[in-house]
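Only one structure is covered here, and it is reproduced in the block below.
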Amino acid sequence: MKEILVATKNRGKVREIADLLAPFDIKVISLLDCGPMPQIIEDGLTFRANAAKKAVVIAQHTGRLVMGEDSGLEVDALGGRPGVHSARYAGEGADDEKNNDKLIMELSGVAAEKRTARYRSAIALADKDQLVDVVEGACEGIIDTERRGTNGFGYDPLFIVPSRQKTFGELPLSVKQTMSHRANALRQFLKILEQYFLLR
Ligand code: IMP
């Protein structure tokens with residue numbers, strides 16, 4: 001069976017990626033299943049750059065086929081912040097709760113029609129010799145004034161999906177998987193993965 005190592009310890013991401021790859025004949029493992037790994041400094045200015053760095057550093061270290069995923073939230077009223085800093089928006093080591101509190105505070109007083117935002121995800125494939133490719137996906141939404149629901153992770157309780165008038169915190173994972181930034185990027189990723197395996 002083919003195997004891919006996902007270069008993350010984020011359980012929410014691992015759950016979604018494993019679920020999306022479940023129909024295919026690919027075993028998904030993550031850094032949660034591995035021993036000590038080199039620290040990856042996420043200093044890229046773009047999701048693409050960070051996704052590529054994660055994939056290449058871990059592929060070179062392990063010699064395995066690696067997926068690097070970098071994602072985040074761009075809020076229009078904040079000039080695109082938190083962007084690549086989404087995981088540490090409220091400071092180094094901040095958790096989802098603190099990041100959500102900060103987002104609610106920064107958007108207090110911002111009118112509903114100006115609360116537009118999008119999630120972005122970049123996914124890179126690398127092996128020990130090369131960065132194979134990087135693909136991207138996005139998902140448009142509106143930032144709520146308070147948390148709703150407990151599904152998902154990160155900013156999901158605040159991220160309203162306009163077509164459903166519910167947050168990803170309220171919607172089941174099965175719905176998020178049909179429209180999320182990560183699912184959209186993963187659809188592209190499957191094409192490069194297929195091509196990669198064909199050429200081996
Ligand atoms: P990364 O590990 O640097 O890619 O951090 C991504 C951060 O962006 C996460 O810690 C979340 O705060 C946010 N994020 C990315 N994707 C999602 C999602 O699907 N739902 C909620 N938050 C997300």
Side-chain angles (χ1 to χ4, degrees), residues 5-21 30-32 37-58 66-75 78 80-107 115 117-124 134-144 147-161 164 166-187 189:
L5 169 58
V6 184
T8 186
K9 287 186 179 169
N10 181 319
R11 290 178 195 278
K13 283 188 186 182
V14 175
R15 189 181 321 120
E16 291 182 13
I17 291 166
D19 180 62
L20 287 163
L21 291 181
S30 77
L31 297 185
L32 295 166
M37 288 283 158
Q39 201 200 347
I40 301 163
I41 313 287
E42 293 182 39
D43 53 2
L45 299 180
T46 62
F47 297 114
R48 287 185 87 86
N50 284 330
K53 187 169 185 182
K54 290 177 192 182
V56 168
V57 169
I58 301 300
V66 177
M67 174 199 295
E69 198 264 7
D70 198 67
S71 47
L73 180 68
E74 286 179 358
V75 180
L78 300 176
R81 282 188 298 123
V84 290
H85 304 295
S86 292
R88 47 192 187 281
Y89 185 36
E92 214 52 56
D95 59 10
D96 290 344
E97 291 309 304
K98 291 210 173 78
N99 288 334
N100 280 326
D101 284 341
K102 179 163 180 185
L103 186 57
I104 290 170
M105 211 181 65
E106 291 227 87
L107 288 180
R115 301 176 73 96
R118 70 209 49 77
Y119 278 135
R120 286 195 192 280
S121 164
I123 304 186
V134 189
V135 293
E136 287 185 80
C139 176
E140 298 289 328
I142 309 280
I143 304 303
D144 213 332
R147 293 169 174 80
R148 285 178 220 279
T150 53
N151 293 335
F153 67 98
Y155 299 95
D156 283 345
L158 291 176
F159 190 90
I160 301 171
V161 178
R164 304 284 177 134
K166 283 191 186 329
T167 69
F168 272 145
E170 296 172 293
L171 292 165
L173 178 64
S174 56
V175 172
K176 184 177 179 188
Q177 298 286 58
T178 63
M179 60 176 75
S180 82
H181 50 315
R182 190 164 297 106
N184 290 333
L186 216 67
R187 269 189 276 281
F189 182 79

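Order of listing sets the numbers, starting from 1, for every ligand and every atom in it.
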Here the pair of heavy atoms bringing N151 nearest to E170 is ND2-O, 3.7 Å

Report task. Considering only NZ, NE, NH1 and NH2 on the basic side and carboxylate oxygens on the acidic side, decide whether D43 and K53 come within less than 4.0 Å. Result -> yes

Less than 4.0 Å from some atom of ligand 1, heavy atoms are found in residues K13, E42, K54, D70, S71, G72, S86, A87, Y119, F153, G154, Y155, D156, K176, H181, R182

Distance alone, cut at 3.5 Å: any donor-acceptor contact between the side chains of N184 and Y119? no

In R120, R48, R182, the residue satisfying salt bridge (Lys or Arg N to Asp or Glu O under 4.0 Å) with E136 is R48

Given the options R11, E69, K176, E16 meets side chain to side chain contact (heavy atoms under 4.5 Å, CB included) only with K176

Applying side-chain hydrogen bond (donor to acceptor under 3.5 Å, both in side chains) to D101 and not counting sequence neighbours gives R147

